[in-house]
Each structure stands twice: as C-alpha cells, then as structure tokens.
Amino acid sequence: MEVGRRLAAALPAGMRNPLKAADDKAMELASQDAELKAALFRFVDVVPACRSLDDLARHLTGFLGEVETPPPPVAVAMKMGSSRAGRTALGAAAAAGVKHMAHRFIVGESPKAALGTLRELWKDGVASSVDLLGEATVTQAEAERYAARCEEALETLAAATRGWPERPALERDASGPLPRANLSVKVSALTPLLRPDAPERGKRDAADRLRGLLCRARDVGAHLHIDMESLDSRDAVLELVLELLAEEEFRAGPSAGMVLQAYLRDSPQTLDTVLDWTSGAGAARAHPLTVRLVKGAYWDHEIVEAAQHGWSAPVFEVKADSDRNFEQLTRRLLDARPALRVAIASHNLRSLAHAIAYDQLRGGDGADLELQVLRGLGDPLQHAIAAQGLRVRTYCPVGDLVAGMAYLVRRLLENTSNESFLADQAKGVPLEELLAPPGAPTIAGER
Ligand SMILES: Cc1cc2nc3c(=O)[nH]c(=O)nc-3n(C[C@H](O)[C@H](O)[C@H](O)COP(=O)(O)OP(=O)(O)OC[C@H]3O[C@@H](n4cnc5c(N)ncnc54)[C@H](O)[C@@H]3O)c2cc1C
C-alpha cells in the first residue's frame, strides 16, 4: 500500500489518467453501449481503406445507422451524413479523430521518425522497446518485408542510441550491461504459416527469419524481445524461442526475451518450462533470458474462440483471478533471479506496487527489476516510476495505421472494458480500493 501510494503521488499532475484525454469522449460513449462500440470499432477498422472524406462519412453513418437508440452526438452525425457538404465535414472530423487516437499509441511511421521521441524518453530516464507494427502476415513476401524492416530498425536504433547520454539506472543490472537498443517482434509477422494445426511448419518457416534477426541483434549489440500473441500460437512461439536461443551460435548473445501471459490458466506450467530451460539448455547463455510478465491482450479473442468451439476458456474469466495469478507469477519470477531477468509489464498500480514491494522484501533496491508500460497508456506512470529511481521501459509501436490497426483495436478494446484498472482509476475509484489485494479465488478461477 505504501509503495503504491508513493507511486500514485509521483504521477505528474495534469496527466494522472491517460483515459481522460480529449479524444476519449467517443470511447466513453462506446464503453456504455455495446452496439455503439461495435459500430465504432467496425468504422476504425475500415478507415485505412477509405479513399475520400465522403467515403469515410458514408461508412461511419452506415455503421452508426445500426445503433438502435443513438445518443445525441450520433444523431448529429447521422444528420450531417445526409448532405454532401455535411459528409465532407463529418469525414474530415472522423478521420482526424481516428488519427489522433492512433497517434496516442503509435510513436511514428518509421524507427527513424521515432528517434526524437525515444531520445526524449531516454533523457527523462525512460528506456524503450520499439515494436514494428505488423502481425499475422498472409504471404511470404510480406513476412520477408517485415523481417527486413526489423533488421533495418535494429541498425537504426543501435547507431542512434550510441550517442545518447549516460543513464546508469537503465543500462546495467547485477547480470551486466543492458542494451540501449531494444526491439519487440511478433512471430506471426515473420511467417504466414503459423497455424495451430501444423505448428512445426510455421516454426520452421519463422525460424530462419528469427535466426537472422537474432544474428543482427547480436552483431549490433541490441536486445530482441519476442512478443506473445493468442494461445493458438503460444506453444509454437515458446518452443521456437527456447530452441533458437539454446543454439551454440547464440550462446554469447544477443540479449533476448519472451513473454508470459498471466491470464492463461496454465501459465504457471509455462513458467515451469521456462525455468527448466534456464537451468538446462539455456544455462550456458551469457545473457539471462528476460521474461516480460503481462496479463494478456487477447482476452476477448480467447473467450470468443473457446465459446465458438464449445471449449472451456483457457483464460481466467474473473479479473481478480488474472490479477492474483499475475502476483503469484511475479513472486516466482523475482525468486528465480539471476537465472533470468524480470520485466513486470502493467498499468495497474497494485500489480506494479506488489512487484516493487516484493523485490524490497527480498532485499532488492529495484536494480534487478524492470517495469514496463505501453506508450499512450503508461505515459504518466513511466514518469512516476522513473522519479522513484526505478528502471522503466516504454513499449513504443512504430508504423502506419494499416499495419497498426489490430494493435489499435486491442488497445481500444482494453480502454472501453469495464474491467480495466485504468477505467476504474478514471472513474475515480479511491486509491485504497485500487491498491487492495485481488479478491479471494473464485471456484471458476480454481478450475
Ligand atoms: C510493455 C508491455 C508489453 C506487452 N506485451 C504483450 C504481449 O507480448 N502479449 C500480450 O498478450 N500482451 C502484452 N501486453 C498487454 C498486456 O497483456 C495487457 O493487455 C495490458 O497491459 C493491460 O493489463 P494491465 O495489467 O495494464 O491492466 P489491468 O486493468 O489490471 O488488467 C487488464 C487485463 O486483465 C485481463 N482481464 C480483463 N478482464 C478479465 C476477466 N473478466 N477475467 C480475467 N482476466 C481479465 C486481461 O488480460 C486484460 O488485458 C503488454 C503490455 C505492456 C505494458
């Protein structure tokens, strides 16, 4: 509680909650009305394909027309859609709205364009991980292009970060130096063949491109982090990463990492697998594996997918169960150091405070704990964490709107969910309640 209160008090005034931004009016409306939410999400999804303002306005009013009881702003939009001049104005406003929303989460169109922001963050005591937007490629050519963009990004970041000022808290822990250049990649973007019914084929196809990226990261001294996606690719991604990193040629580097998703009921077993690897095949590596602990960004997808097939949900269905598991995994990860490096990724003050407090209980001073947030959601938090002298890294997506659409929709889904910490914080739930331990386990949670 004390750690959480300190963190909350360090949030920069005026930017206490990112969900209070001006463009959140639409999101606020959407979170109160499921039909409106669906209409707005369908619109956001088609924006990059619209060719004119008139086209945009027609799509917007087309989707909004399906909302049975439109709130006043929607009725105004519908009225505007009935004349050509109105449609042009409406299309311009809608395009500006979506772009503004996207820019909150996406740092720039290319790594080069993002360098200024990344450097400013670094100067403020905030490290970054660049995420090249793009996922679920459908052709080999697309996968090749993604891999080439990643190689270029590694080089651009490594070259630029060399000139950055020294920031000791961000550059070293008890296991040694931490690379300044850090890139996050998605395996589904490195192969069009990643399918649950033929995992070996996807793994083989992705392996060559991922091996190339690992070589490049090693050569330029960068960190390569492999994100985790939906459950249907989890095992293939985990095996691929652990197998490649155990190869002789990667023994000396690069620094690399993977992601553990606490919303998955079987995540404690996944951690067993990772820990076995650190004391077995991965034991000889010069850089400990970094494990980024998250709750998981595909919750709605996993629930719907399981329901469609008549399966029981692989994810917890009660939020507190995910939160409690997150804390249990946090403790196991922190206990496992120095065999691995730990990154706790969350915007939930309670989840972060718990990690900081547990590290302190174990005698740590924060130097062997990294906290991570997402650009656009963790902006106030990143400063509060840095102000405590702790290491924080912000995940910074880079790319255009088309490539970023799936990412943007996941962030919007989270922002309009009634079960998110940030939504509770924005609603004004008292700090004591926000920092309270997750409730007792439910029967469903124990399943
Ligand atoms: C730096 C960084 C990197 C990330 N990388 C990845 C990644 O590689 N892969 C990935 O999947 N995600 C990733 N995420 C996203 C992360 O998984 C969460 O979606 C996001 O951070 C929200 O969780 P929270 O702890 O911030 O907020 P909270 O509000 O505390 O938690 C929200 C989360 O709780 C879970 N949840 C919501 N409703 C329920 C329910 N009814 N029952 C059970 N659980 C529920 C969901 O996971 C939801 O995202 C990353 C996040 C960060 C900060």
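Excluded from the calculations below are hydrogen atoms, water molecules and symmetry mates; all remaining heavy atoms, backbone and side chain alike, are included. Whatever order the structure lists them in is the order used to number ligands and atoms, beginning at 1.
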Ranked by distance from atom 27 (O) of ligand 1, the top protein heavy atom is K295 NZ, 4.2 Å
In this structure, atom 36 (N) of ligand 1 is nearest to the protein heavy atom K319 CD, 3.7 Å
- prompt: Would you say F421 and ligand 1 have an N/O pair spaced under 3.5 Å apart?
  reply: yes
Restricting to heavy atoms, the pick from E370, E317, E414 nearest atom 42 (N) of ligand 1 would be E317
| N/O of Q372 under 3.5 Å from N/O of ligand 1, yes or no? | no
Closest to atom 15 (C) of ligand 1 by heavy-atom distance, out of A297, S420, S128, is A297
**Item:** Polar proximity ligand 1 side, Y395 side, N/O cut 3.5 Å exclusive
**Value:** no
Original post:
Any nitrogen or oxygen of Y263, main chain or side chain, under 3.5 Å from a nitrogen or oxygen of ligand 1?
Top reply: no
- prompt: Is it true that L374 lies under 4.0 Å from ligand 1, counting heavy atoms only?
  reply: yes
### Task
Answer yes or no: does an N/O atom from A345 fall short of 3.5 Å to an N/O atom of ligand 1?
no
The complete set of salt bridge (Lys or Arg N to Asp or Glu O under 4.0 Å) pairs with one or both residues in residues 30-39, sequence neighbours excluded, reads none
Heavy-atom proximity to atom 50 (C) of ligand 1 ranks first, among I226, V294, V259, for V294
Nearest non-hydrogen protein atom to atom 5 (N) of ligand 1, with distance, is R292 NH1, 3.0 Å
S351 near ligand 1 by a heavy-atom separation under 4.0 Å: no
**Request:** Please confirm whether E229 comes within less than 3.5 Å of ligand 1 when only nitrogen or oxygen atoms on both sides are compared.
**Result:** no
ask   = N348 to ligand 1: N or O pair under 3.5 Å?
value = yes
Of all protein heavy atoms, the one nearest atom 47 (O) of ligand 1 is G296 O, 2.6 Å
